[in-house]
Chemist: 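Here you go, one structure.
Any value given below was found using the heavy atoms of this structure, including those in side chains, with hydrogens, waters and symmetry copies removed.
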Amino acid sequence: MTTPTVDATQELAAFLRTRRERLDPRDFGLPARRQARRTPGLRREEVAELAGVSIDYIVRLEQARGLRPSADVVEALARALRLAPAERAYLFDLTRHRARTVDGPATTAAPPLARLVADLLPLPAMLMDHRYDILAWNGEMAKLLVDFDTLPPAQRNSMWLCLMHPRIRESYVDRERVVRDAIAHLRAAWAVHPEDRRLADLIAELTAHDEHFARLWDRQDVLGNGRGSKAMRHPAVGAIAVDYEVLMPLQDTDQRLMICRAADDASQAALDRLSTR
């Protein structure tokens, strides 16, 4: 199954609309209206006033009528809608106001990065590209998640594994949060690389075959955080809680290096047992 690459105009319209509807008018100190609100969030005229643009301009943006706002207008909209940093970056990406590398994102692991991943032992580590394809990993990460060498290359993708791999999809204790956050990160990457056919095809496949993904994708959530924790149930050693850090190589800024470490003594003992297997 294939899907068109991202239509930035339609995506911009949907994103602005969902963010407007999530706002609480009381947080803006707006005067009470005689007419009751029939829909949630701010009205278009209120966003227009906050951003210093016309109501017609907001209507045309939300109806995907081909406008391309200037960087100044994008900044004004981000302030008016009180966007989080990742959401603001996403809005700038959709309106094509962020510089991109001429050669496009790297989709293979540079040898020095691959060696670094191996040298991080005994900490589980892996390197991913902007599609969340797994480009390099060390032995501890393979023991923690899955033996990546046994998987077809198309399945060496952290989003696909989280949703579709029979064991991994059931291993996360708080699976709803893990999947929700992963999809929000994937959406941010999608906006940066609208021309990427393989990324669009991955999203189409997951949308068609996983109702959970389709529902969360429609939420329009965006994230850009690089640190967190995950609790897992490993079939060989039981409960493991890990803290993870995601680093961005300056030479390949579309890639992400994930490094995990035990979150507590019990988890460290479990990782030690796993390492000796």
Chemist: Is it possible for you to say whether L257 and M126 belong to one hydrophobic cluster, with membership spreading through side-chain heavy-atom contacts below 4.5 Å?
Modeler: no
Chemist: Would you confirm whether R273, through its side chain, and V237, through its main-chain N or O, come within 3.5 Å as a donor-acceptor pair?
Modeler: yes
Chemist: Report yes if the side chains of I134 and L161 come closer than 4.5 Å at any heavy-atom pair, otherwise no.
Modeler: yes
Chemist: Taking the side chain as every heavy atom from C-beta outward, state whether M164 and Q155 have any pair of such atoms under 4.5 Å apart.
Modeler: no
Chemist: Using the rule that Ile, Leu, Val, Met, Phe, Trp and Tyr join whenever any side-chain heavy atoms are under 4.5 Å apart, tell me whether W160 and I183 fall into a single cluster.
Modeler: yes
Chemist: Measuring from atom OG1 of T18 to atom CD of E87, what distance do you get when rounded to the nearest 0.5 angstrom?
Modeler: 8.5 Å
Chemist: Under the salt bridge (charged side-chain N to carboxylate O under 4.0 Å, His left out) rule, collect the residues that match up with R60, sequence neighbours excluded.
Modeler: D56
Chemist: What do the steps show when you test L151 against H165 for side-chain contact (heavy atoms from CB on, under 4.5 Å), and what is the final call?
Modeler: CA-CA 10 Å; L151 300 175; H165 191 278; 4.3 Å; yes
Chemist: Is S267 reaching over with its side chain to a backbone N or O of A262, donor-acceptor style, under 3.5 angstrom?
Modeler: no
Chemist: Contact between M232 and V173 at the side-chain level, heavy atoms closer than 4.5 Å - yes or no?
Modeler: no
Chemist: Closest approach of A80 and L50, non-hydrogen atoms and distance?
Modeler: CB-CB, 3.7 Å
Chemist: Please find the pair of heavy atoms, one from L94 and one from A191, that lie closest to each other, and give the distance.
Modeler: CD2-CB, 4.1 Å
Chemist: Does this structure show an ion pair linking R215 with E176, if we count only N-O contacts that are shorter than 4.0 Å?
Modeler: yes
Chemist: Which of parallel (below 30°), tilted (30 to 60°) and perpendicular (above 60°) describes W137 and F148?
Modeler: tilted
Chemist: What pairs with R68 under salt bridge (charged side-chain N to carboxylate O under 4.0 Å, His left out), at least two apart in sequence or on another chain?
Modeler: none
Chemist: Can you get from V73 to F92 by hopping between Ile, Leu, Val, Met, Phe, Trp and Tyr side chains that sit under 4.5 Å apart?
Modeler: yes
Chemist: Check step by step if side-chain contact (heavy atoms from CB on, under 4.5 Å) holds for L247 and E245.
Modeler: CA-CA 6 Å; L247 308 178; E245 196 78 22; 3.8 Å; yes
Chemist: Rounded to the nearest 0.5 Å, how far does CZ of R156 lie from OG1 of T150?
Modeler: 8.0 Å
Chemist: Does some side-chain heavy atom of D133 sit less than 4.5 Å from a side-chain heavy atom of M128?
Modeler: no
Chemist: Distance under 6.0 Å and angle within 45° of the ring axis: does R233 meet both against Y172?
Modeler: no
Chemist: My understanding is that only residues two or more places apart in sequence, or in another chain, count here; which of them pass side chain to side chain donor-acceptor pair (under 3.5 Å) with D129?
Modeler: none
Chemist: Answer yes or no: is there a side-chain heavy-atom contact under 4.5 Å between E46 and R20?
Modeler: no
Chemist: Is there a continuous path of hydrophobic side-chain contacts, each under 4.5 Å between heavy atoms, that joins M258 to Y132?
Modeler: yes
Chemist: Do the side-chain N and O atoms of E11 and Y90 include a donor-acceptor pair separated by under 3.5 angstrom?
Modeler: yes
Chemist: So do the side chains of L12 and L91 get within less than 4.5 Å of each other, counting heavy atoms only?
Modeler: yes
Chemist: Would a distance-only check, ignoring hydrogens and angles, find a side-chain to backbone donor-acceptor pair under 3.5 Å from S275 to L271?
Modeler: no
Chemist: Side chain of T253, backbone of P249: donor and acceptor closer than 3.5 Å?
Modeler: no
Chemist: Which atoms form the tightest heavy-atom contact between L127 and A109, and what is the distance?
Modeler: CD2-CB, 3.7 Å
Chemist: Of all heavy-atom pairs between T108 and Q255, which one has the smallest distance, and what is that distance?
Modeler: O-NE2, 2.9 Å
Chemist: Where the side chain of R96 meets the backbone of D93, is there a donor-acceptor pair that is under 3.5 Å apart?
Modeler: yes
Chemist: Would you call R198 and D196 a salt bridge, taking side-chain N to carboxylate O under 4.0 Å as the test?
Modeler: no
Chemist: Pairing donors with acceptors under 3.5 angstrom, does anything connect the side chains of D264 and Q268?
Modeler: no
Chemist: Roughly how far, to the nearest 0.5 Å, is the CD1 atom of I168 from the NE2 atom of H234?
Modeler: 9.0 Å
Chemist: Only one of I203, L186, L199 passes side-chain contact (heavy atoms from CB on, under 4.5 Å) with R131; say which it is.
Modeler: L199
Chemist: Do the side chain of N138 and the main chain of P124 share a donor and acceptor less than 3.5 angstrom apart?
Modeler: no
Chemist: Distance check, rounded to the nearest 0.5 Å: L123 atom CG versus E140 atom CD?
Modeler: 9.0 Å
Chemist: Mark yes or no for whether R44, through its side chain, and V59, through its backbone, hold a donor-acceptor pair below 3.5 Å.
Modeler: no
Chemist: Determine whether more than 12 heavy atoms belonging to other residues, nucleotides or ligands lie under 6.0 Å from atom CZ of R175.
Modeler: yes
Chemist: Measure the OG1-CG distance between T9 and L67 for me, rounded to the nearest 0.5 Å.
Modeler: 8.5 Å
Chemist: Does the N157 side chain pair with the main chain of M159, one donor and one acceptor, at a distance under 3.5 Å?
Modeler: yes
Chemist: Restricting to non-hydrogen atoms, name the atom on V47 and the atom on I58 that form the minimum distance, rounded to 0.1 Å.
Modeler: CG1-CD1, 4.0 Å
Chemist: I need the C162 SG to K230 NZ distance, nearest 0.5 Å.
Modeler: 6.5 Å
Chemist: Are D221 and R22 within salt-bridge range, i.e. N to O under 4.0 Å?
Modeler: yes
Chemist: So, the side chain of H193 versus the backbone of E195: is there a donor-acceptor pair under 3.5 Å, distance only?
Modeler: no
Chemist: Could you pull out the closest heavy-atom pair between Y244 and C260, with the gap in Å?
Modeler: CB-SG, 4.0 Å
Chemist: Would L77 and L61 count as a side-chain contact (heavy atoms from CB on, under 4.5 Å) if you check the C-alpha gap in whole Å, the side-chain angles of each, and the deciding distance to 0.1 Å?
Modeler: CA-CA 11 Å; L77 288 169; L61 281 175; 3.9 Å; yes
Chemist: Under 6.0 Å from the CG atom of D265, do we count more than 12 heavy atoms belonging to anything else shown?
Modeler: no
Chemist: Using side-chain contact (heavy atoms from CB on, under 4.5 Å), reason through E21 and L42 one step at a time and then give a plain yes or no.
Modeler: CA-CA 6 Å; E21 292 171 351; L42 297 187; over 6 Å; no
Chemist: So, does R17 use its side chain to make a donor-acceptor pair with the main chain of E62 at under 3.5 Å?
Modeler: yes
Chemist: With clusters defined by side-chain heavy atoms of hydrophobic residues (ILVMFWY) lying less than 4.5 Å apart, directly or transitively, does L202 cluster with L223?
Modeler: no
Chemist: Is atom CZ of R26 surrounded by more than 12 heavy atoms (other residues, nucleotides or ligands) closer than 6.0 Å?
Modeler: no
Chemist: Would you call D210 and R169 a side-chain contact if the rule is heavy atoms closer than 4.5 Å?
Modeler: yes
Chemist: Does H130 reach the side chain of T107, with side-chain heavy atoms less than 4.5 Å apart?
Modeler: yes
